[in-house]
Amino acid sequence: MDGEASVFVQDAAAPRRPEAERQAALRDPGFGRVFTDHMATLRYTPDRGWHDGRIEAAAPLSLHPAAMALQYAQLVFEGMKAYGLPDGGAALFRPAENARRMQRSAARMGIEPVPEALFLEGVRSLVRADRDWIPRQEGASLYLRPFLMGTDPSFAVRPGRDYMFCVIASPAAPIFGSTTKPLTLWISDTLTRAAPGGTGAAKCAGSYGASLQAVAEAGREGCDQAIFLDAVERRWIEELGGMNIMFVFADGSLRTPPLGGTILPGVTRDSLLILARDMGLTVREEPYAIDQWQEDARSGRLTEAFACGTAAVVAPVGQVRGRRHEFAIGGGQAGQVTERLRTALIEIQRGRAPDPHGWVDRLF
Ligand SMILES: *Cc1c(COP(=O)(O)O)cnc(C)c1O
């Protein structure tokens with residue numbers, strides 16, 4: 001298997017929903033509610049290696065109830081998007097970064113990694129099969145969810161033997177809408193997301209599961225999202241449950257917490273840091289304490305803050321609340337630097353601006 005075009009064999013008999021039904025679903029897709037007609041699947045067994053690649057009907061999976069993924073959360077995933085281009089084509093954005101990150105996530109969870117070429121081919125084959133599902137309205141995209149899980153039945157607490165790689169796709173409107181409605185964050189100072197030596201840098205299902213109580217708490221407090229502090233001192237800002245965070249200062253500098261095993265290395269984070277440097281901003285990857293954030297927001301030293309990730313791209317933060325904190329940022333409005341960075345990234349992703357870093361991966 002060397003990633004040739006024949007690895008994922010398309011099932012020509014897989015049903016497609018009628019045009020009218022698809023159009024209706026694409027009009028207001030929301031996020032993660034509507035799924036396309038197909039999925040990509042690929043199997044691994046120790047004796048055969050990776051095999052049986054298919055583009056087949058998106059349908060419920062048949063899994064043994066004792067499958068490693070179900071019993072011990074031996075499952076990692078990715079989140080990426082296919083974007084419509086102005087000429088009617090479509091592109092992925094830095095897809096090799098997702099392929100490599102899934103390999104690192106897999107290694108952390110004792111999972112057999114998918115070779116980069118097969119990951120990319122699975123994603124590309126699926127988008128080509130479901131090309132009519134790429135929404136074309138402003139800000140919308142086709143969200144792609146590759147995932148990889150242990151399928152062999154076992155109660156033994158050791159890595160599994162058999163794996164399944166799967167890619168599903170879901171048309172998505174921008175989840176947080178425009179930058180006109182900034183997020184309100186709830187500081188999770190009792191529940192943590194990641195500890196040194198833990199799984200915080202892996203995109204694994206278990207990390208998300210473990211964040212949901214904090215998300216629920218944030219909701220009860222009238223906030224949109226939870227923001228997590230470090231597990232050791234409960235002092236350093238880390239990230240949201242599914243997005244990284246960045247801070248903008250009056251002196252024109254941009255700061256974000258450094259990667260160090262407890263923070264998920266976002267592709268959006270990395271891209272924005274590069275674009276910020278291109279714009280001449282001073283970029284610092286340095287720890288930032290929660291008390292300092294409050295002090296700087298109140299003094300005006302800090303002017304903007306935003307969360308970032310593939311799904312929402314850039315989401316400004318307007319309010320922050322917790323048991324010991326309460327402050328507003330930039331008068332609760334989206335800031336200029338946030339807006340500039342967001343626009344710069346989106347214009348590249350959608351093929352409307354030059355792509356000096358070679359990030360855009362045209363599919364057709
Ligand atoms: C996926 C994810 C991000 C964002 O990563 P992107 O590659 O930018 O989408 C940030 N934090 C967590 C915890 C994540 O799971």
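Read the numbers this way: they start at 1 and go in the same order the structure lists the ligands and their atoms. Everything quoted here is computed from the prediction, not taken from an experiment.
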- Residues lining ligand 1 [heavy-atom distance under 4.0 Å, listed by chain and residue number]: R101, R193, K203, Y208, E239, G241, G242, M243, N244, L264, G266, V267, T268, G309, T310

- Query: Taking NZ, NE, NH1 and NH2 as the nitrogens, is one of them in D230 or R235 under 4.0 Å from a carboxylate oxygen of the other?
  - Reply: no

- Of all residues at least two apart in sequence or in a different chain, which pass the side-chain hydrogen bond (donor to acceptor under 3.5 Å, both in side chains) check with R131? none

- Note on the structure: Applying side-chain hydrogen bond (donor to acceptor under 3.5 Å, both in side chains) to T282 and not counting sequence neighbours gives none

- Identify the two heavy atoms, one from G252 and one from L281, that lie closest to each other, and give their separation to 0.1 Å. O-CD2, 3.1 Å

- Item | Aromatic ring pairing F93/Y83, orientation class (parallel under 30°, perpendicular over 60°, tilted between) | perpendicular

N/O donor to acceptor pairs below 3.5 angstrom from side-chain atoms of residues 212-220, sequence neighbours left out:
{"residue": "E217", "atom": "OE2", "partner": "W186", "partner atom": "NE1", "Å": "2.7"}
{"residue": "E217", "atom": "OE2", "partner": "R323", "partner atom": "NH2", "Å": "3.3"}

